[in-house]
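The structure under discussion appears below in the form of C-alpha cells.
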Amino acid sequence: YESAVDNIDAQSFIYRLPDISGAGSEAPEIEPPLPEDDFFSESHLENYILANWGEIKDFNEYEIVQGGAKNGGQFPTDVGIIDILAKHKNKNEWLVVELKAREGRNGDDAVGQLLRYMGFIKEKLAKNGESGKGLLITGKEDKKVKSAISVVPDAEYKIYSVKIAYENFGLRTIGKK
C-alpha cells in the first residue's frame, strides 16, 4: 500500500492507491481501506500527520520534538502525553498538537487537555521569551470546542477530513488468455 499526497493541509487529506494494472506486475498487498470519511483511530491520524509532516502547510515550519513513539509522537510530560510536540525552525515558538478521533471523545476534555499541555510548555520548556501555541485537530466539528478555543489567543481548532481518490485503477484478469 502506497499513498501519495497532493495539496494537503491539516484539514484535508487525499489518499491514492497505486496503479496495479500493469502487465506482468504483481498486485501489492493493500491494507484494509479506511472509511471514506475517517481514520480508524487517533494513532492512524497521528501516524499520517507525522509521516507527511513536511508536506502539511500548517507544520512545514516546525520540527518534531522526538517523543516516546517510533514515529516521533507521544511526548511524555508530568501532566500527560502530548500527541505531537514541535518547535518552530526560525522563531522561539513551541507547538502542541492534540488529536482527537471522530467519535467517543468529550470536547471539553480535549480542550482541557490541550490547555494543560500548553501550560506545561510555558512552565517547563519555554525559556528566554519562547512562546507556545496549541492546535486541536478533530474529525468532527464541535460547537462547544469551537467556542472554547475562540477565547484562547494562542490556540487553534481544525477539523480534518479524509478523501479517497482512485486514479488509474484497473483490474486485470488473472489466468485468462
Side-chain angles (χ1 to χ4, degrees), residues 3 5 7-15 34-127 129-163:
S3 66
V5 183
N7 301 322
I8 183 167
D9 62 34
Q11 296 177 344
S12 177
F13 304 105
I14 299 173
Y15 290 85
L34 295 170
E36 190 157 327
D37 63 348
D38 206 356
F39 284 93
F40 286 133
S41 67
E42 257 175 58
S43 64
H44 285 114
L45 175 59
E46 180 180 313
N47 288 334
Y48 185 82
I49 288 173
L50 289 168
N52 295 286
W53 187 263
E55 298 177 54
I56 300 172
K57 180 183 69 168
D58 292 330
F59 304 134
N60 60 18
E61 293 191 10
Y62 291 87
E63 293 179 342
I64 299 165
V65 176
Q66 184 65 40
K70 288 180 183 179
N71 63 12
Q74 301 297 302
F75 187 86
T77 73
D78 58 3
V79 296
I81 298 174
I82 298 172
D83 289 333
I84 302 171
L85 179 61
K87 191 138 191 238
H88 199 282
K89 293 176 184 176
N90 303 312
K91 298 178 187 175
N92 290 329
E93 182 177 272
W94 294 87
L95 176 64
V96 172
V97 181
E98 182 59 29
L99 307 170
K100 292 297 167 209
R102 191 173 286 262
E103 299 298 331
R105 296 295 178 157
N106 182 318
D108 291 335
D109 289 346
V111 173
Q113 215 176 341
L114 179 67
L115 296 178
R116 186 171 68 236
Y117 298 149
M118 290 173 67
F120 172 84
I121 298 303
K122 181 180 178 181
E123 294 170 8
K124 306 277 178 133
L125 295 181
K127 295 178 175 83
E130 291 178 328
S131 62
K133 288 176 58 175
L135 175 59
L136 177 59
I137 301 174
T138 68
K140 186 175 183 181
E141 184 174 5
D142 183 323
K143 291 178 184 178
K144 293 177 185 177
V145 169
K146 191 174 183 179
S147 179
I149 292 290
S150 73
V151 297
V152 181
D154 294 320
E156 283 187 77
Y157 173 49
K158 295 203 176 195
I159 300 147
Y160 72 82
S161 65
V162 176
K163 297 176 187 171

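Computed from a predicted model, the values in this text were never measured in an experiment.
At least one side-chain heavy atom of Ile82 sits less than 4.5 Å from a side-chain heavy atom of Thr77. Considering only heavy atoms from C-beta on, Phe75 stays 4.5 Å or farther from Ile81 through its side chain. Contact of the Ile56 side chain with the Ile49 side chain is registered, since non-hydrogen atoms from C-beta on lie closer than 4.5 Å. For the pair Val96/Lys133, no side-chain contact is recorded, criterion being any heavy-atom separation below 4.5 Å from C-beta on.
A donor-acceptor pair under 3.5 Å links the side-chain atoms of Asp83 to the main chain of Leu99, judged by distance alone. In this structure a side-chain-to-backbone donor-acceptor pair under 3.5 Å is missing from Arg116 to Gly80. At least one donor-acceptor pair closer than 3.5 Å links the side chain of Glu130 to the backbone N or O of Lys127.
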Practice task
Just do the side chain to side chain contact (heavy atoms under 4.5 Å, CB included) check on Val145 and Thr138 with the steps written out, would you?
Solution key: CA-CA 10 Å; Val145 169; Thr138 68; 5.5 Å; no
Practice task
Applying side chain to side chain contact (heavy atoms under 4.5 Å, CB included), run through Lys89 and Tyr62 and close with a yes or a no.
Solution key: CA-CA 5 Å; Lys89 293 176 184 176; Tyr62 291 87; 5.9 Å; no
Handout entry: Pair Lys158-Asp58, side chain to side chain contact (heavy atoms under 4.5 Å, CB included): steps then yes or no
Key = CA-CA 11 Å; Lys158 295 203 176 195; Asp58 292 330; 2.7 Å; yes
Problem - Evaluation steps, side chain to side chain contact (heavy atoms under 4.5 Å, CB included), between Leu95 and Leu85 - result: CA-CA 6 Å; Leu95 176 64; Leu85 179 61; over 6 Å; no
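Salt-bridge annotation for Asp78 and Lys124: present, with a side-chain N of the basic residue lying under 4.0 Å from a carboxylate O of the acidic one. Between Glu141 and Lys143 there is no salt bridge, since none of the side-chain N atoms of the basic residue sits less than 4.0 Å from a carboxylate O of the acidic one. Contact check on Lys91 versus Glu61 returns no salt bridge, with no Lys/Arg side-chain nitrogen under 4.0 Å from an Asp/Glu carboxylate oxygen. Classification of Glu93 and Lys87 as a salt-bridged pair fails, no side-chain N sitting under 4.0 Å from a carboxylate O. Salt bridge annotation for Asp109-Lys100: absent, with no cationic side-chain nitrogen under 4.0 angstrom from a carboxylate oxygen.
Lys140 contributes atom NZ, which lies 11.0 Å from atom CD1 of Ile159 (distance to the nearest 0.5 angstrom). Taken from CD in Glu46 to CD in Glu98, the straight-line distance is 9.5 Å, to the nearest 0.5 Å. Between the CG atom of Leu50 and the CD1 atom of Ile84 there is a distance of 4.0 Å, given to the nearest 0.5 Å. Atom-to-atom distance recorded for Ile149:CD1 and Lys144:NZ is 15.0 Å, nearest 0.5 angstrom.
Classified by interplanar angle (parallel below 30°, tilted 30° to 60°, perpendicular above 60°), the ring pair Trp53/Phe59 is parallel.
Closest approach of Gly68 and Pro76 over heavy atoms only: N-CD, 4.1 Å. Heavy-atom minimum distance, Met118 versus Ala155: SD-CB, 4.2 Å.
For the residue pair Tyr157 / Ser150, no side-chain donor-acceptor distance below 3.5 Å is found, with atom types taken as modelled.
With Leu136 as the partner, the side chain to side chain contact (heavy atoms under 4.5 Å, CB included) test is satisfied by one option alone out of Val111, Val152, Val97: Val111.
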